[in-house]
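Scroll down for the structure; my scribbles are underneath it.
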Amino acid sequence: HCLDQCMVFAIHGFEPTHSPEPTPDDDVRQLPHIHWVLTDLEAMKHILLNHQVWDLKKYGPALPLRLLSVLNRLVDHKSLHKAFNARRLHMVGIVRWGLHLMLEASELYMAGDPPSFGDDTAGTYGASGSSGGWSCDASLVSEVSAGGDPGNPFLEACKNLLRRVLTFMLTPGDLESLSEALIYTVSLPSQGSPANASKRGH
């Protein structure tokens, strides 16, 4: 992937090869991502602002989900440099980036929009493939109102990234961004029938 090659410039220790998500049974000493260090902020800015990452409707969830997977490993609790990486990500505006990505993806999931063309790479990284488009079964409100996860890999990846970064770096500007995103989601009109909207976590 071209994205992987670009991340080589931004992340010291990153190898442009796909590796499976770490599991609890893995030996921490054998996990390469625990040594990753975000060194080039300018390179990371270009990756985050890449038009293919943000053209979600056209390209589907594959590319941003791959990027989210790498970013989450930078601040994984097993990473030796998680605090340093979290502060570096904060410097490039990862909080607003993550919030905007969640909002964009949520609206596409609500609309059930398919991408403009297929791509089989999305399933490789744990989300429904682009060929299936932005579609998921919304969880019941009763299942998520107490803080439970909605079971959507894309939105969970965004949430985990924000939580891990904000653990080490939280500013008044971040709180303002979070409140703005919350108010925006509350103000969105519900789609579908009123009965369905009241039961489903859209």
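Side-chain atoms are counted along with the backbone in the values below, which use heavy atoms only and exclude waters and symmetry mates. The structure displayed is predicted, hence computed values, not measured ones.
- Judged as a side-chain hydrogen bond (donor to acceptor under 3.5 Å, both in side chains), the pairs with a partner in residues 170-179 (not counting sequence neighbours) are, in order, His90-Asp174, Arg96-Ser177, Thr171-Asp174.
- Just one residue in the list Leu67, Leu71, Leu38 forms a side-chain contact (heavy atoms from CB on, under 4.5 Å) with Met7, and that residue is Leu67.
- Legend: residues meeting side chain to side chain donor-acceptor pair (under 3.5 Å) with Arg87, ordered by chain and number and at least two apart, are absent.
- With sequence neighbours excluded, the residues satisfying side chain to side chain donor-acceptor pair (under 3.5 Å) with Arg164 are Asn72.
- Checked by atom type and distance alone, the side chain of Asp55 never pairs as donor or acceptor with a backbone atom of His51 at under 3.5 Å.
- Residues passing the side-chain contact (heavy atoms from CB on, under 4.5 Å) test with Phe168, sequence neighbours excluded: Lys82, Ala83, Ala86.
- Sequence neighbours left out, the pairs with a member in residues 38-47 that pass salt bridge (Lys or Arg N to Asp or Glu O under 4.0 Å) are Glu42-Lys45.
- Counting all heavy atoms, side chain and backbone alike, Ala181 lies closest to Leu99 at CB-CD2, 4.2 Å.
- For Val8, the side-chain contact (heavy atoms from CB on, under 4.5 Å) partners two or more places apart in sequence, or in a different chain, are Phe14, Pro16.
- The side-chain contact (heavy atoms from CB on, under 4.5 Å) test with Asn85 is passed by exactly one of Ile11, Leu74, Leu80, Thr39: Leu74.
- When every heavy atom of Leu48 is checked against every heavy atom of Val53, the shortest pair comes out as O-CG1, 4.4 Å.
- Between the side chains of Asn160 and Arg163, at least one donor-acceptor pair of N or O atoms lies under 3.5 Å.
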Output, in order, the C-alpha distance, side-chain angles, deciding distance and verdict of side-chain contact (heavy atoms from CB on, under 4.5 Å) for Leu68 and Leu101.
-> CA-CA 10 Å; Leu68 285 168; Leu101 192 66; 3.9 Å; yes
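- Leu182 and Thr185 get closest at one heavy-atom pair: O-OG1, 2.7 Å.
- In plain terms, the two heavy atoms of Arg73 and Trp36 that are nearest each other are CB-CZ3, 3.7 Å.
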